[in-house]
Peer 1: 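Below is a structure I'd like to ask you about.
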Amino acid sequence: MLYHSPSLAWIKALASCAGFVAILYIYTLIIENYGGFSTERNTEQLIELALVVYFYGLFYAVQKPSAWRSVLAGLPILLLYLAHDIFYLTQGKVFRLVNAAELPELLQVLPLSYALLIGAILFLPLGALLLSVDYRRPRHLALWLAPLAAVIAFVVAIPNAFAHRFQQLATEIVTYSDGKSVEANGRIAMLLYREAQRINTLAALAPYRDRQAYDHQAEQLAQELRPHANRRNVHLIVLESFLDPRLFSGLRLSSPPVHPDFERLFGDKLGLSISPVFGGGTAQAEFEVLCGTPALEKVSSVEFNVFSGAPAHCLPDLLQRIGYRSVASNAYKPNFFNALPAYQGAGFAESYFPQEFSGARQTYLRFGDPGEEEYLFDGELFDQNLEFVRSHLAQHPGEPLFNYIMTIYGHTPNLIDRTKRPAFITLKSDYHDDQLERAVNQFYYRTEAIARFVEQLLAIDQNSLVILVSDHVPPLRNGLNTYDKLGYMDNGANHYYTNRIAIIEDGQPRVYAPLHHYEVPSIILDYVSRDAYCRGRPCAFKDGSQPLAREQHLEDYLRLMAHASE
């Protein structure tokens with residue numbers, strides 16, 4: 001009989017682990033080619049590497065010696081990666097532990113053959129691993145399980161401390177993208193971090209959670225508005241980084257930056273609205289215009305990131321309750337700012353993203369090849385949406401539509417294709433910012449596209465409400481310095497956060513005093529209820545009263561977030 005020394009066994013185990021890490025890396029390279037996570041930052045995922053090595057060591061050490069030991073040790077990790085990636089590719093969002101609760105429902109709706117196949121892939125390898133565990137060595141088993149138990153206890157018992165420590169050790173937590181956070185830190189690592197975040201949020205919001213009363217309140221509001229509903233369509237368009245160069249007092253240009261068609265349509269009938277963010281954070285602007293409360297960042301730096309899909313009774317939900325078809329069309333990726341669960345929680349019955357990013361999800365949108373501009377041009381998005389609206393009007397003549405659009409063109413660094421959109425406006429000011437110059441030229445072409453879209457929309461749906469609002473101003477090359485040097489909004493209060501808003505009611509432009517983004521839902525609800533909404537509650541945009549300070553919305557905000565994050 002051959003004698004295997006302990007040192008030889010350790011060498012064999014380490015070699016097996018190294019081989020599995022190499023296989024896992026090759027797997028990530030392969031899945032990237034099918035639209036999976038980028039592998040550019042794999043070498044920075046030190047926490048992930050430590051977790052993979054530990055889990056492989058755990059599954060290897062607790063088994064009885066066998067020819068399949070190495071394979072069975074790696075299978076659970078590989079299956080977790082595979083499930084994570086399939087979820088990402090088909091659902092457009094990053095898998096979180098809470099999503100595991102959806103598996104029973106998924107198996108119920110799948111054909112029996114598919115359900116059996118998924119069950120076999122998931123449970124047969126795990127069953128084989130459990131059968132191979134050496135249960136005759138309980139102390140050895142407990143020793144290897146102790147670190148896992150400690151991490152679970154850390155996450156569950158003191159989630160805030162875990163999340164804080166993770167942030168210190170992590171490569172980067174990308175607030176605007178769950179996917180990029182995974183690419184920077186790894187799948188398993190972010191799985192633990194997001195679970196700690198979720199538990200911490202739930203604990204902080206527990207006193208505000210009363211689902212029955214919250215649902216009842218939403219239905220009461222719907223019952224109040226329903227008898228007054230005019231059943232007219234609402235089109236709400238949030239424009240990515242839509243910067244009006246005319247708001248710079250110190251900016252001199254070679255020619256007017258606005259297209260004549262846009263000028264003819266709106267003239268001086270453009271308003272102003274205060275965004276919660278500068279330079280980025282589109283989801284914060286979306287949260288405000290859809291949910292009607294300030295993005296106070298009390299439970300997360302991005303509110304949408306903690307939306308679970310549970311009903312939050314925002315504007316889309318309220319409109320749906322009074323008979324509207326609530327539809328969201330987003331020109332970018334569904335995992336951007338946790339958009340899918342966020343839109344579902346806000347109350348959209350349908351949400352569409354470009355087919356290139358949608359996996360198996362049904363959609364009418366196409367992203368195409370934007371070339372060097374990187375992002376889908378507004379005009380191309382609007383043309384597709386117009387066809388969708390025409391189809392709705394033809395197929396659902398008695399059903400009012402809430403048509404929500406989130407654009408992406410104009411995103412930093414404001415790249416522009418000179419062959420499609422020649423740059424003919426130049427900056428004449430002494431202070432120069434090349435990104436501002438590109439944004440100015442984009443503004444010209446975007447105003448042309450907007451004018452064309454609105455004119456065609458009104459031709460088929462004149463008696464409707466159309467609102468176009470910028471999410472935030474772009475950061476430009478030099479950030480705040482450009483805005484200060486060129487006197488954006490004369491450097492007045494909130495000037496970094498001031499954006500354009502255009503409102504057309506029944507074919508006529510309408511201007512209100514400067515708004516906040518979170519007042520947009522009140523404008524819409526008042527319009528669709530023939531002014532009934534504002535009769536029983538303060539509406540600063542309409543009655544000229546002093547709007548509540550942001551912090552005075554805290555109770556409503558916490559209550560909304562308590563239910564949105566369930």
Side-chain angles (χ1 to χ4, degrees), residues 235-251 253 256-259 262-263 265-282 284-290 292-295 315 378 405-407 410 436 439-440 442-444 446-447 450-451 454 465-476 480 482-484 486-505 508-524 526-527 534 538-550 553:
H235 307 277
L236 173 59
I237 300 94
V238 178
L239 298 161
E240 170 68 42
S241 302
F242 185 66
L243 177 64
D244 188 342
R246 297 170 297 178
L247 297 179
F248 288 96
S249 59
L251 179 62
L253 302 170
V258 64
H259 193 275
F262 186 91
E263 181 72 17
L265 180 63
F266 290 105
D268 60 354
K269 302 295 185 181
L270 290 174
L272 300 171
S273 185
I274 308 300
S275 171
V277 286
F278 164 82
T282 295
Q284 298 297 81
E286 286 194 276
F287 173 78
E288 290 203 352
V289 301
L290 290 174
T293 186
L315 175 68
D378 290 342
I405 308 173
M406 180 67 237
T407 76
L436 173 58
V440 168
Q442 284 186 329
F443 180 78
Y444 181 86
R446 297 180 78 182
T447 53
I450 290 169
V454 171
L465 176 65
V466 181
I467 299 179
L468 303 108
V469 61
S470 175
D471 59 350
H472 54 71
V473 296
L476 304 179
L480 300 177
T482 295
Y483 290 86
D484 288 337
L486 294 174
Y488 184 72
M489 293 298 299
D490 292 322
N491 293 344
N494 292 316
H495 68 295
Y496 302 134
Y497 302 98
T498 302
N499 291 261
R500 278 300 191 194
I501 185 169
I503 302 172
I504 300 177
E505 295 183 9
Q508 298 300 316
R510 181 163 185 177
V511 182
Y512 293 101
L515 306 160
H516 291 84
H517 278 17
Y518 55 81
E519 293 181 84
V520 169
S522 295
I523 294 173
I524 292 172
D526 198 54
Y527 171 82
C534 287
C539 291
F541 73 90
K542 189 171 185 178
D543 58 28
S545 62
Q546 187 68 24
L548 295 176
R550 291 175 65 82
H553 293 267

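If you're wondering where the values come from, they're calculated on a predicted model, not measured in any experiment. Below, all heavy atoms of this structure are taken into account, side chains as well, without hydrogens, waters or symmetry copies.
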Peer 1: Could you tell me the separation between the OG atom of Ser273 and the CD atom of Glu519, rounded to the nearest 0.5 Å?
Peer 2: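 With rounding to 0.5 Å, OG (Ser273) is 7.5 Å from CD (Glu519).
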Peer 1: Applying side chain to side chain contact (heavy atoms under 4.5 Å, CB included), can you list everything that pairs with Thr447, at least two apart in sequence or on another chain?
Peer 2: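 Checked Thr447 against side chain to side chain contact (heavy atoms under 4.5 Å, CB included); matches are Phe242, Val258, His259, Phe262, Phe443.
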Peer 1: Between CG of Leu239 and CG of Leu468, what distance do you get to the nearest 0.5 Å?
Peer 2: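 It comes to 5.5 Å.
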Peer 1: Does Val473 reach the side chain of Asn499, with side-chain heavy atoms less than 4.5 Å apart?
Peer 2: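 Val473 reaches Asn499 side chain to side chain.
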Peer 1: Can you tell which of Leu272, Val520, Leu270, Val289 makes a side-chain contact (heavy atoms from CB on, under 4.5 Å) with Ile501?
Peer 2: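 Among Leu272, Val520, Leu270, Val289, the one meeting side-chain contact (heavy atoms from CB on, under 4.5 Å) with Ile501 is Val520.
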Peer 1: Is Cys534 close to Phe541 at the side-chain level, that is, under 4.5 Å between some pair of heavy atoms?
Peer 2: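 Yes, at least one pair of side-chain atoms sits under 4.5 Å.
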Peer 1: Hey, what do you get for CG (Leu480) to CG (Asn491), rounding to the nearest 0.5 Å?
Peer 2: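 The CG atom of Leu480 sits 10.5 Å away from the CG atom of Asn491.
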Peer 1: Of all residues at least two apart in sequence or in a different chain, which pass the salt bridge (Lys or Arg N to Asp or Glu O under 4.0 Å) check with Arg246?
Peer 2: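 Listed in chain order: Asp244, Glu263.
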Peer 1: If only atom types and distance count, is the side chain of Glu288 paired as donor or acceptor with the main-chain N or O of Ala295 below 3.5 Å?
Peer 2: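 Side chain of Glu288 to backbone of Ala295, a donor-acceptor pair under 3.5 Å: yes, one is there.
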Peer 1: Do His495 side-chain atoms and Gly492 backbone N/O form a donor-acceptor pair below 3.5 Å?
Peer 2: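 Yes.
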Peer 1: Could you report the tightest heavy-atom contact between Ser241 and Gly410, atom names first, then the distance?
Peer 2: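 Reported closest heavy-atom pair: CB-O, 3.3 Å.
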Peer 1: Show, in sequence, the C-alpha distance, side-chain angles and deciding distance for Ile523 and Leu515, and conclude whether the side-chain contact (heavy atoms from CB on, under 4.5 Å) test is met.
Peer 2: CA-CA 10 Å; Ile523 294 173; Leu515 306 160; 3.7 Å; yes
Peer 1: Search all heavy atoms of Gly279 against all heavy atoms of Pro475 and return the closest pair with its distance.
Peer 2: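 Heavy-atom minimum between the residues: O-CD, 3.2 Å.
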Peer 1: What heavy-atom pair brings Leu253 and Pro245 nearest, and what distance separates the two atoms?
Peer 2: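 That closest heavy-atom pairing would be CD1-CB, 4.2 Å.
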Peer 1: Looking only at side chains, do His517 and Asp471 share a donor and an acceptor under 3.5 Å apart?
Peer 2: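 Looking only at side-chain atoms, Asp471 and His517 do not form any donor-acceptor pair under 3.5 Å.
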Peer 1: Can you find a pair of side-chain heavy atoms, one from Arg500 and one from Leu247, that are under 4.5 Å apart?
Peer 2: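 Counting from C-beta outward, Arg500 and Leu247 do come under 4.5 Å.
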Peer 1: Which atom names give the shortest non-hydrogen contact between Arg550 and Pro276, and what distance separates them?
Peer 2: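 Heavy atoms of Arg550 and Pro276 come nearest at NH2-CB, 4.0 Å.
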Peer 1: Can you find a heavy atom in the side chain of Thr482 that is under 4.5 Å from one in the side chain of Tyr488?
Peer 2: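 Thr482 does not reach Tyr488 side chain to side chain.
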Peer 1: Could you check if a side-chain atom of Val466 sits within less than 4.5 angstrom of a side-chain atom of Ile237, using non-hydrogen atoms only?
Peer 2: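 Heavy-atom side-chain distance check passes, below 4.5 Å.
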Peer 1: For Tyr483 and Phe248, I'd like to know if the aromatic rings sit close, meaning centre-to-centre distance below 6.0 Å.
Peer 2: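 Yes, they do, as the ring centres are separated by less than 6.0 Å.
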Peer 1: Can you name the residues that form a salt bridge (Lys or Arg N to Asp or Glu O under 4.0 Å) with Lys269, not counting sequence neighbours?
Peer 2: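 Partners of Lys269 by the salt bridge (Lys or Arg N to Asp or Glu O under 4.0 Å) criterion come out as none, since no residue qualifies.
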Peer 1: Distance from Arg510 atom CZ to Leu465 atom CG, nearest 0.5 Å?
Peer 2: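 Going from CZ on Arg510 over to CG on Leu465, the span is 10.0 Å.
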Peer 1: Please report the interatomic distance CG(Leu243) to NE2(His472), rounded to the nearest 0.5 Å.
Peer 2: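 It is 11.5 Å, given to the nearest 0.5 Å.
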Peer 1: How close do Pro509 and Leu265 get, heavy atom to heavy atom, and via which atoms?
Peer 2: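 The pair with the smallest heavy-atom distance is CG-O, 3.7 Å.
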Peer 1: How long is the gap from CD1 on Ile467 to CD1 on Ile405, to the nearest 0.5 Å?
Peer 2: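 That separation rounds to 12.5 Å.
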